[in-house]
Amino acid sequence: MVKTVWIGDVQKGMHDGTSVELKGWVKRTRGSNKIRFVVLRDSTGTIQCVGKRETLGDSMFDLLKSMIIETSVVLHGSIRVDERADGGHELDITQVELVGPVNSERPFPITEADMLVEDEDGELTYGGTEHTLNHRHLYLRTTRATTMLKLRSSAFGAIHGYFRGQDFLEYQAPNFVAGAVEGGSTLFEVPYFGKQAYLTQSWQLYAEAAMPALERLYTIAPSFRAEKSRTRRHLTEFWHAEMEMAWATNDDIMAHGEGVVRHVAKTLLEEREEELTYLERDLELIARYADTPYPRIRYDEAVETLQNKGVQIEWGQDLDYSKEKILTQDFDVPHFLTHYPKVAKPFYHRVDPDDENYVLCHDLLAPEGYGEIIGGGERTWSEEEILQRIDEEGTPREPYQFYIDVRSYGGVPHGGFGLGVDRVVSWLAGATHIREVIPFPRTSRRVTP
RNA sequence: GCCGAUUUAGCUUAGCUGGUGGAGCGUGGGACUGUUAAUCCCAAGGUCGUGGGUUCGAGCCCCACAAUCGGCGCCA
């Protein structure tokens with residue numbers, strides 16, 4: 001039963017002239033009553049398989065003819081180099097085994113036409129129709145979806161590789177929580193044995209609790225935010241790569257943020273050149289994201305730049321997406337925005353000791369209009385300061401008692417960041433929408449399938 | 001929460017000033033071919049999102065509702 005021959009390897013020339021059995025799914029068929037071409041697909045690629053009536057015999061040839069799109073099959077035969085076949089290799093079929101049939105009255109509902117839908121501006125959109133979203137479980141088999149999932153896998157691997165290579169420990173926090181990290185309005189409420197619980201928005205508060213124990217820690221875990229955002233960069237459930245580090249400054253943390261993003265870009269180039277090429281990504285561009293240092297500018301400079309460009313903005317205002325987009329136009333690699341005004345950020349950000357109007361924080365903005373991919377900074381670490389900041393904001397102390405306690409027993413300077421993994425993949429893949437890079441996207445209007 | 005748009009066959013769509021709907025893909029049948037999203041012929045498949053209104057007559061005009069999509073705010 002174990003599969004030993006992979007189509008990707010066949011197309012690399014690893015089985016030329018040998019007899020093999022190929023297991024996979026029918027992607028497409030064409031042919032006549034005498035010769036039949038079956039394009040077979042597996043997770044590693046596609047290959048054209050040829051069957052002739054005169055060699056297969058009538059019953060097996062008719063069986064081959066009955067295999068419609070997405071039928072699962074085992075095809076036996078020999079591999080031959082053939083320029084006429086896409087990919088350069090071909091299987092001469094000698095035996096046909098039907099594994100899982102497809103009922104022709106209910107054929108595979110995703111067709112080529114679904115892949116090539118133009119919006120009003122003539123731009124192609126992918127998998128964004130109601131039909132493809134309703135059939136997401138089947139849409140995943142399409143080349144584009146599979147390609148995205150491969151990039152995603154490599155990105156996850158790269159993040160783990162980066163942090164483990166830097167001696168960070170992987171650490172898990174609960175997903176049921178009692179308090180908010182961000183604003184309370186974006187919490188998903190969950191009934192919890194007669195009490196009110198929420199789905200976590202971030203691993204951070206629990207990571208800070210473990211910071212004095214582990215000192216360098218990270219995770220990749222889902223976070224949940226009940227934002228009714230309707231944009232191409234928002235999900236209600238997204239995968240959050242977060243790190244927390246003791247004895248670290250804002251600059252130290254940014255260095256890791258830059259390090260991990262560049263490492264993801266580098267890994268995709270190494271592991272997924274074929275997929276990036278399929279997506280028509282400019283490999284030199286990705287190489288630049290991997291090799292070039294990311295500039296750091298302060299909030300004040302950003303505001304000044306925007307004002308010089310004639311954008312209406314006042315000091316103290318948060319930088320929304322439209323303004324981020326104008327800023328990113330000046331950069332061809334991601335760049336950091338640092339030192340936001342205290343009034344624009346929540347209590348856990350540490351106030352800059354050099355100027356109490358600012359906090360020691362940073363956002364990393366991706367180019368090409370993809371926007372914020374990292375938010376992080378130094379944490380308010382002394383007990384007095386955290387109590388003062390919580391009270392200032394009018395946030396109740398009670399749900400955060402454990403968070404305050406951490407500071408009562410040997411608090412130290414520390415910080416960390418959260419990275420939107422889906423956003424990073426979306427950006428590096430050049431996706432038209434973030435839902436392209438996650439198998440079952442959760443948005444404000446969809447939880448199914 | 002705000003703004004805009006869409007809804008016609010399983011899917012993608014065309015539809016003229018209002019006069020009972022065309023195509024491509026897919027599916028079935030046939031022809032033909034070392035085919036490349038094959039090609040050619042034929043067939044099945046539509047209460048035009050739902051409800052109401054205007055009209056002699058509504059896919060098309062008006063109202064309501066629903067679903068979906070796109071953008072903004074907010075964020076990763």
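Here is the naming used below: chain letters follow the sequence lines, and residue numbers restart at 1 for every chain. These values consider heavy atoms only, across backbone and side chains, with no hydrogens, waters or symmetry-generated copies.
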Quantified in whole Å, what is the P atom distance between nucleotide B/U12 and nucleotide B/U7? 12 Å
Quick note, A/Arg84 side chain, CB onward, closest among B/A38, B/A76, B/U35 is B/U35
Whole-Å distance separating the NZ atom of A/Lys65 from the C1' atom of B/A31: 11 Å
Rounded off to whole Å, could you give me the CG-to-C1' distance for the A/Leu40 and B/U35 pair? 16 Å
Which sits closer to the 5' end of RNA chain B, A/Gly420 or A/His135, going by the nucleotide each is nearest to? A/His135
Integer-rounded Å distance: B/A38 P and A/Lys34 NZ: 20 Å
Closest nucleotide among B/G1, B/C75, B/G26 to the A/Ile69 side chain: B/G26
Which of parallel (below 30°), tilted (30 to 60°) and perpendicular (above 60°) describes A/His362 and A/Phe417? perpendicular
Expressed as a whole number of angstroms, how long is the span from A/Phe224:CZ to B/C74:P? 24 Å
For A/Phe168 and A/His256, I'd like to know if the aromatic rings sit close, meaning centre-to-centre distance below 6.0 Å. yes
Side-chain donor/acceptor of A/Ser229 to base of B/C74, under 3.5 Å: yes
Can you tell me how far C1' in B/C63 sits from the matching atom in B/U20, rounded to whole Å? 25 Å
Select one nucleotide: of B/G28, B/G73, B/U12, the one nearest the side-chain heavy atoms of A/His131. B/U12
Nearest of B/U68, B/A76, B/C74 to any side-chain atom of A/Thr231? B/C74
Report the nucleotide, chosen from B/G26, B/U68, B/C75, that has the shortest atom-to-atom distance to any side-chain atom of A/Arg28. B/G26
Mind running side-chain hydrogen bond (donor to acceptor under 3.5 Å, both in side chains) on A/Tyr218 and A/His160 for me, showing each step along the way? CA-CA 9 Å; A/Tyr218 84 101; A/His160 282 293; 2.7 Å; yes
Work out how far the C1' atom of B/G28 is from that of B/A9, and round it to whole angstrom. 16 Å
Sticking with atom C1', work out how far B/C16 lies from B/A31, rounded to a whole angstrom. 38 Å
Send over the distance from A/Glu227 CD to B/C72 P, rounded to a whole Å. 14 Å
Nearest to the A/Ile68 side chain among B/U36, B/U27, B/C74, which nucleotide is it? B/U27
Pairing check on B/U7: which nucleotide meets the Watson-Crick or G-U wobble criteria with it, both distances under 3.5 Å? B/A66
A/Asn134 atom CG is separated from B/U12 atom P, nearest whole Å, by 10 Å
Which listed nucleotide (B/G73, B/G34, B/A76) is nearest to the side chain of A/Val50? B/G34
Side-chain N or O of A/Arg435 less than 4.0 angstrom from OP1 or OP2 on B/G70? yes
Nearest-angstrom distance from the residue atom CG of A/Asp363 to P of B/A76: 7 Å
Atom C1', compared across B/C69 and B/G49: separation rounded to whole Å: 15 Å
Can you give me the closest heavy-atom contact between A/Tyr206 and A/Tyr171, atom names plus distance? O-OH, 2.7 Å
Pi stacking test for A/Phe238 and B/A76: under 5.5 Å apart, planes under 30°: yes
If you take all heavy atoms of A/Gly257 and A/Phe336, which pair is closest and at what distance? C-CZ, 4.5 Å
Per the atom types in the model, does the base of B/C3 pair as donor or acceptor with the side chain of A/Arg230 at under 3.5 Å? no
Ring centre gap for A/His135 and A/Tyr139 strictly below 6.0 Å: no
As a test of reading the structure: which of B/C75, B/G70, B/U36 is closest to the side chain of A/Arg232, going by heavy atoms? B/G70
Could you tell me how far B/G10 sits from B/G52 if I compare only their C1' atoms? Round to whole Å. 30 Å
On RNA chain B, compare the nucleotides closest to A/Leu419 and A/Arg445; which residue's is nearer the 5' end? A/Arg445
Out of B/U27, B/C75, B/A37, whichever nucleotide has its closest atom nearest the side chain of A/His234: B/C75
B/C32 and B/C42: how far apart are their C1' atoms, nearest whole angstrom? 15 Å
What interatomic distance, in whole Å, is found between P of B/A23 and the corresponding atom of B/G15? 15 Å
Which atom names give the shortest non-hydrogen contact between A/Ser426 and A/Ile434, and what distance separates them? OG-CA, 3.9 Å
Atom-pair distance (CG on A/Asn33; P on B/C41), nearest Å: 19 Å
